[in-house]
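To start, the structure itself, in structure tokens.
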Amino acid sequence: MTVITRFAPSPTGLLHIGGARTALYNFLFSRHHGGKFLLRIEDTDRARSTEEAVRVILEGLEWLGITPDEPPLFQSTRFARHVEVAHQLLAAGKAYRCYCTPEELAEMRERALREGRAPRYDGRWRNRDPSEAPPGVAPAIRLKAPQEGETVVEDLVQGTVRVANAELDDMILLRSDGTPTYLHAVVVDDHDMGITHVIRGDDHLTNTFRQIQIYRAMGWEVPRFAHIPLIHGADGKKLSKRHGAVSVLEFREQGYLPEALCNYLLRLGWGHGDLEVISREEAIRLFDIKDVGRAPARMDYAKLTHLNAVWLRRADDERLLAEIEARLALRFGPLTETHRARIRALLPELKERAKTLNDLAEAASFLITRPEFEPKAAALLDASRRALLARLAARLAETPFEDRATLHETLRQFAEAEGLKLGEVAQPLRAALTGRTTSPPIDATLAALGREETLARLKALPPLEEAVETLRDRG
RNA sequence: GUCCCGUUCGUCUAGAGGCCUAGGACACCAGCCUUUCACGUUGGUAACACGGGUUCGAAUCCCGUACGGGACGCCA
């Protein structure tokens, strides 16, 4: 049997990391078993569904590399089929029309709650004769669910979960306005799509019992289920639109790499020994739904960021260059080939130091624009250091810049001649060239910037007394 | 309220009765490396929710308690 899984988000909000992880697990599971992964957009709630949300889901999945094997199916297009199945059930005597009014149901619920019972439909139309139907009332169609025995889910994650059928009431299949309910539509679609494994959030676990009853009533094969725990926010509360649920696209904007986010999401609720850094290929090879934990996990940005730094260091330089360029161009306009060459030259050093693409772009910015000086850097550029740098400039004017080792040696000899330690030369130089007190190694920085630009910056050092004063005033 | 699920360092997890003096990762602290910052590296702080069983032996099995989560809709 070919494994077919699906991700079935409703386009009423964002694609947040909880949804993204569900999609990832479905994807990995199907790939691990050489099967298919499908996408179904559950847009039956027309009032709340938006095209924008659909776009965000599609774009988010695309970015994460979790793409379906077939074009997405929109649930709203399946309306007629949902109705058809409900009527089949009706004709087979496995469903019935219920003429209860909303007021009646509300009262039923209230009384149950008051008497400490679970709020359930009491089945008052289950066995009534259709001739008793009140005139002018449009009926809902309810499933004639078994009342005795129990319904069991052999869940791949949760294990065997059973509930007494007496706990379940007769669910509505078709509303009185003729539209299908979610629970019914999902079953019909999953069946028609040939879904073999339903992997979803464990907030659906208790829905599963009712869904199984529909499969049974139709005589359909019941798929395997795997209910994975929800992801909670950093504060341990459920992720919701109002509460820490950010779109996966925001992670992209913040400079996270899709492979890092996937790696993080994979490890959130799943583990394989001591493995932490896991590629897509390894994930496909190792992923087993049985290894998914049962407790909800919390989002931890620090770990995500760490993983991002790991993947950043492994990333291809040209790809990173494109990402940096896209970000810097927003601030400084199009880059020139000279700029690109500088970034390329320093990239191996820059990527060691960055946690996100945004960090990386920021750290590279001095290569394409004259720096603004941080107070601590400005403080390094007092009169005597400026004189020192002027003497150094004369030496650098005669030094080839192609080779880091040569530059390093030049600096070392210069420092020695001045009776200084290397750092006492390197720090003012770094400050003058980058405007900061931290940067990649000074020889690499010089080499990337080139002789012409280096000398120009040393010559054109702006007066920075003001900054120095400010720093002094602050203590 | 009823039903369902869960509970190992701050966080993510390893752990399928003896391999556990409970391992790894992030974060944190200290040291080393060093031209700054990172990287790297060495070490450290830190957990089996609680109470009863079962067993020669329990983080692992059973029961209860507490706490957390989810579901109970003519929402999805």
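Keep in mind that this is a model prediction, so the values were computed, not measured.
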Answer yes when A:Arg124 and A:Asp122 have at least one side-chain N-carboxylate O distance shorter than 4.0 Å, and no when they do not.
yes
(request) Could you tell me whether A:Glu104 atom CD has more than 12 heavy atoms of other residues or ligands within 6.0 Å of it? (result) yes
**Asked** Which is true for A:Arg430 with a 4.0 Å heavy-atom rule: it touches a base, it touches only sugar-phosphate, or it touches nothing?
**Response** base
request  = Looking at every strand, decide which applies to A:Pro440 at a 4.0 Å heavy-atom threshold: base, sugar-phosphate, or nothing.
outcome  = base
Check: Rounding to the closest angstrom, what is the interatomic distance between B:G24 and B:G17 at atom P?
Finding: 22 Å
Of the listed B:C4, B:C39, B:U36, the closest approach to the A:Lys355 side chain comes from B:C39
A:Leu360 CG to B:A38 C1', in whole Å, measures 13 Å
### Message
Classify A:Glu276 by what it touches in the nucleic acid, base, sugar-phosphate, or nothing, heavy-atom distance under 4.0 Å.
### Response
base
On RNA chain B, more 5' by nearest nucleotide between A:Ile172 and A:Gly293 is A:Gly293
query: Considering only the C1' atoms, how many Å lie between B:G73 and B:U60, rounded to the nearest integer?
result: 41 Å
- prompt: When we call it a touch if two heavy atoms are under 4.0 Å apart, what does A:His272 touch: a base, just sugar-phosphate, or nothing?
  reply: nothing
Self-check item: Distance between C1' atoms of B:U54 and B:C62 (Å, rounded)
Solution: 7 Å
- Indicate, with a heavy-atom threshold strictly under 4.0 Å, whether A:Gly201 touches base, sugar-phosphate, or nothing. nothing
To the nearest angstrom, the NE2-P distance between A:His408 and B:U34 comes to 11 Å
Paired to B:U7 by Watson-Crick or G-U wobble criteria (both distances under 3.5 Å) is B:A66
Rounded to whole Å, CZ of A:Arg412 lies from P of B:U35 at a distance of 11 Å
Phosphate OP1/OP2 of B:A38: any A:Arg436 side-chain N/O under 4.0 Å:
no
Could you measure between the two C1' atoms, the one in B:A58 and the one in B:G18, and give it in whole Å?
10 Å
When both distances are under 3.5 Å in a Watson-Crick or G-U wobble arrangement, the nucleotide paired with B:A30 is B:U42
**Asked** Would you call A:Arg391 and A:Glu418 a salt bridge, taking side-chain N to carboxylate O under 4.0 Å as the test?
**Response** yes
B:C48 -> Watson-Crick or G-U wobble partner, both distances under 3.5 Å, gives none
Problem - Separation of the P atoms in B:G57 and B:C19, to the nearest angstrom - result: 15 Å
Is it the case that A:Arg40 places NZ or CZ above or below the six-membered ring of A:Phe7, under 6.0 angstrom from the centre and within 45 degrees of the axis?
-> no
_Under 6.0 Å between ring centres: does that hold for A:His197 and A:Phe29?_
yes
Inset, instruction - Could you work out the separation of B:C67 and B:U8 based on their C1' atoms and round it to a whole Å? - result: 16 Å
Walking RNA chain B from its 5' end, the first of A:Phe209 and A:Asp443 to be reached, judged by nearest nucleotide, is A:Phe209
**salt_bridge(A:Arg120, A:Asp170) N-O dist < 4.0 Å** = no
Among B:A76, B:U36, B:G69, the one nearest any side-chain atom of A:His232 is B:G69
A:Glu352 atom CD is separated from B:C39 atom C1', nearest whole Å, by 5 Å
Quiz item: Hey, does A:Leu268 reach any base, or is it just sugar-phosphate, or nothing, if we go heavy atoms under 4.0 Å?
Solution: sugar-phosphate
### Query
Would you say the side-chain atoms of A:Arg210 and A:Gln213 include a donor-acceptor pair closer than 3.5 Å?
no
Under 4.0 angstrom, heavy atoms only, what part of the nucleic acid is A:Arg109 near: base, sugar-phosphate, or nothing?
sugar-phosphate
Paired to B:C20 by Watson-Crick or G-U wobble criteria (both distances under 3.5 Å) is none
field: Phosphate-side-chain proximity, A:Arg267 and B:C12, N/O vs OP1/OP2 below 4.0 Å
entry: no
In whole angstroms, the gap separating P of B:A76 from CG of A:Leu15 amounts to 20 Å
For this session: Give A:Arg313 one of three labels, base, sugar-phosphate or nothing, depending on what nucleic acid heavy atoms sit under 4.0 Å from its own.
Result: sugar-phosphate
Is the CZ atom of A:Arg344 crowded by more than 12 outside heavy atoms at less than 6.0 Å?
yes
*Between A:Tyr264 and A:Tyr256, ring centroids under 6.0 Å*: no
Rounded to whole Å, NE2 of A:His204 lies from C1' of B:C75 at a distance of 11 Å
Between CG of A:Leu265 and P of B:C12 the distance, given in whole Å, is 14 Å
**Report entry** Pairwise C1' distance, B:C9 and B:A25 [rounded to whole Å]
**Finding:** 12 Å
Indicate, with a heavy-atom threshold strictly under 4.0 Å, whether A:Ser49 touches base, sugar-phosphate, or nothing.
nothing
From the candidates B:C26, B:A71, B:C39, the one with an atom nearest any side-chain atom of A:His306 is B:C26
Can you check the distance between B:U21 and B:C39, where both ends of the measurement are the C1' atom (answer in whole Å)?
33 Å
In Watson-Crick or G-U wobble terms, with both distances under 3.5 Å, the base opposite B:G57 is none
Between CG of A:Leu446 and P of B:U36 the distance, given in whole Å, is 15 Å
*Heavy atoms under 4.0 Å, any strand shown: does A:Leu304 hit a base, just sugar-phosphate, or nothing?*
nothing
Regarding the side chain of A:Asp300, the nearest nucleotide among B:C74, B:U36, B:G10 is B:G10
Taking B:C12, B:C39, B:A76 as options, the one with an atom nearest any side-chain atom of A:Arg298 is B:C12
Across every strand shown, the nucleotide meeting Watson-Crick or G-U wobble geometry with B:A71 (both distances under 3.5 Å) is B:U2
**Message:** Applying a 4.0 Å non-hydrogen cut-off, can you work out what A:Cys100 is touching in the nucleic acid: base, sugar-phosphate, or nothing?
**Reply:** base
**Prompt:** When we call it a touch if two heavy atoms are under 4.0 Å apart, what does A:Asn207 touch: a base, just sugar-phosphate, or nothing?
**Reply:** base
Checking B:A25, B:U35, B:A76 against the side chain of A:Leu422 (C-beta onward), the nearest is B:U35
Taking a pair to mean Watson-Crick or G-U wobble geometry with both distances below 3.5 Å, B:A14 pairs with none
Inset, instruction - Quick one: label A:Leu205 by what it contacts on the DNA or RNA (base, sugar-phosphate, nothing), any heavy atom closer than 4.0 Å. - result: sugar-phosphate
Exercise for the section: Under 4.0 Å between any heavy atoms, over every strand shown, what does A:His227 touch: base, sugar-phosphate, or nothing? Just pick one. Expected result: nothing
